[in-house]
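Notes to accompany the following structure.
Order of the sequence lines fixes the chain letters, A, B, ..., with proteins taken first and strands second; residue numbering starts at 1 for each chain.
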2 protein chains.
Amino acid sequence: MKRKIPSSKLRSAAFTRTRADHQAELSQDYVELIAELIDEKGEARGTDIAMRLGVANATVAKTMKRLSDQGLVEQEPYRAIFLTGEGWKMAEDGKRKHQIVEGFLLALGVSAETAQVDSEGIEHHVSAETLKAMARFMVRR
Amino acid sequence: MKRKIPSSKLRSAAFTRTRADHQAELSQDYVELIAELIDEKGEARGTDIAMRLGVANATVAKTMKRLSDQGLVEQEPYRAIFLTGEGWKMAEDGKRKHQIVEGFLLALGVSAETAQVDSEGIEHHVSAETLKAMARFMVRR
DNA sequence: TCAAAAGTTTAGCATTGTCTAAACCTTATG
DNA sequence: CATAAGGTTTAGACAATGCTAAACTTTTGA
Ligand SMILES: [Mn+2]
Ligand SMILES: [Mn+2]
Ligand SMILES: [Mn+2]
Ligand SMILES: [Mn+2]
C-alpha cells in the first residue's frame, strides 16, 4: 500500500543510508583485496595491500587491527594476513557486486579504465534493487 | 597511443580517486541542499539543514565553519546561511549531475525511492565519461 | 653466518565528521 | 515589553582514517 513519505523524511533517509554505506565501505574493499591477493599469491602481506590501495603501510596495520576486532581477518605478528569465514563471505559478496557494477558500466559503453575506477566507488551505494536492474540490463541490452 | 598501465598502479588509482571523491562529497551535498532551501524558502537555516541531512545541529554548525573557510558559504552569527558565487556554482553543477544520475536510475527501471536513495551516494563517484553515457542512455533508451 | 634489505609494528600527530549538553541569542506572543 | 520557545553557538568527547618517523623482526644473499 505504500503510504506517501514526506519528502524531508525521505530526503534524510538517503543521506543516512549513504553514511551507512561509507561505514561499511573500507572493510569491504580491504577484505576483497585481501581475498584477491590470497588467490593470486597465496598470502596477503601488509605492503602489498598498502601498495594496491595507495596508502601508507602504517595505515594498513592500523586498519588490520580494526578488521580483526570486527572478526574479518586473522593474523599473527609479523605474519601475513588471512580472512576468517566471515571475511571470506564478505569478500565474495563484494566481489560479485563489484563485478556486476563494473560489467554494467562497460555494457553502458564507458571505457575499461573508467569502468574500473568509477565502479570502485559506486559499488558501495548500489542497493539490491539497482543491482538487479543492472544485471538485467547486461543480459538484455 | 595509451600505454598499458600496470594493473597494480591502475588499481590504486581507483582507490585514490574514490578517496578524493569522498573528500569533495560533503561540501557538495551541503551546498546543494543549501541552494535547495534558499530556492524553497528564501533562506537556509541550520536546523533545516540538520533536519534534511539527518544529523545534529552542532554538526552542521561545525561544517559551516569549514565551508566558509573553503569560501563556499557566508554567514553572520545567528543568521541564516548563504552561498558565495563559488558555492552557487558548485551547487548548480551538483544538482545537474544529481538529476542525471537519478533520472538514469529511473530510466533503468528502479523505483522512485530507490533512485532517490542510491543516487545520493552514487552521484559522487560518476566521472564525466560515465555521466555522458548515462545521459545518452536516457535519451536513446 | 651474519649484515643489509625488506617488511611490520608502534608512537605520535592531524583532520574530518559525528554526538550531547550547556550557554547564548532572537523572535514571537500573551 | 517581558519572557518562553525556538535557533545557534560552543565546549568537550570520540571514532575513523590518514600520515611520518623510529624501533623492531624476518628474510635474503654474499
Ligand atoms: Mn570492491
Ligand atoms: Mn570499492
Ligand atoms: Mn561513496
Ligand atoms: Mn550526495
Legend entry - Heavy-atom check, side chain of B/Arg45 versus side chain of B/Val60, under 4.5 Å: no
Inset, instruction - Look at B/Arg52 together with B/Asp48 and state whether they make a salt bridge at an N to O cut-off of under 4.0 Å. - result: no
Legend entry - Ring centers of A/Tyr30, B/Phe15 separated by less than 6.0 Å: no
Inset, instruction - Over 60° means perpendicular and under 30° means parallel, so classify the ring planes of A/Phe104 and B/Phe104, tilted if in between. - result: tilted
Inset, instruction - Check the distance between D/dG18's C1' and A/Leu53's CG and give it to me in whole angstrom. - result: 12 Å
Legend entry - Test item: side-chain donor near acceptor, A/His124 and B/His125, under 3.5 Å: no
Legend entry - Hydrophobic cluster identity match, B/Phe137 and A/Met134, side-chain contacts under 4.5 Å: yes
Legend entry - Donor on one side chain, acceptor on other, B/Thr114 and A/Glu129, under 3.5 Å: yes
Legend entry - DNA chain D contacts made by residues 62-76 of chain A, counting heavy atoms under 4.0 Å: A/Lys62, A/Arg66
Inset, instruction - Answer yes when A/Glu36 and B/Arg11 have at least one side-chain N-carboxylate O distance shorter than 4.0 Å, and no when they do not. - result: yes
Legend entry - DNA chain D contacts among residues 18-31 of chain B, heavy-atom distance under 4.0 Å: B/Arg19
Inset, instruction - Inspect the contact between B/Arg17 and B/Asp21 and indicate whether a charged nitrogen and a carboxylate oxygen are less than 4.0 angstrom apart. - result: yes
Legend entry - Contacts of B/Thr84 that satisfy side-chain contact (heavy atoms from CB on, under 4.5 Å) - sequence neighbours left out: B/Glu74, B/Glu86
Inset, instruction - Starting from P on C/dG17, measure out to CD1 on B/Ile49 and report it in whole angstrom. - result: 15 Å
Inset, instruction - State plainly whether one hydrophobic cluster holds both A/Leu53 and A/Met90, where clusters connect Ile, Leu, Val, Met, Phe, Trp and Tyr through side-chain heavy atoms under 4.5 angstrom apart. - result: yes
Inset, instruction - Give a yes/no answer on whether the side chain of B/Thr59 brings an N or O atom under 4.0 Å of OP1 or OP2 in C/dC19. - result: yes
Inset, instruction - Tell me, yes or no, whether the heavy-atom count around B/Glu40 atom CD, taken from other residues, nucleotides or ligands under 6.0 Å, exceeds 12. - result: yes
Could you list all N or O pairs between the protein and nucleotides 2-6 of chain D that sit under 3.5 Å apart?
none

Inset, instruction - Give the rounded distance in Å between these two atoms: CE of B/Met51 and P of D/dG7. - result: 8 Å
Legend entry - For DNA chain C, stems built from three or more consecutive Watson-Crick or G-U wobble pairs below 3.5 Å: C:1-30 with D:1-30
Inset, instruction - Decide if atom CD of B/Glu76 counts as having more than 12 heavy atoms of other residues, nucleotides or ligands within a radius under 6.0 Å. - result: no
Legend entry - Whole-Å gap separating P (C/dG7) and CD (A/Glu43): 11 Å
Would you tabulate the nitrogen or oxygen pairs shorter than 3.5 Å linking the protein to nucleotides 23-26 of chain C?
unit_1: C/dT26; atom_1: O3'; unit_2: B/Arg79; atom_2: NH2; d: 3.1

Legend entry - A/Glu32, A/Gln116, A/Gln28 screened by side chain to side chain donor-acceptor pair (under 3.5 Å) with A/His98, the one that passes: A/Glu32
Legend entry - Salt-bridge present (B/Glu43, B/Arg79; N to O < 4.0 Å): no
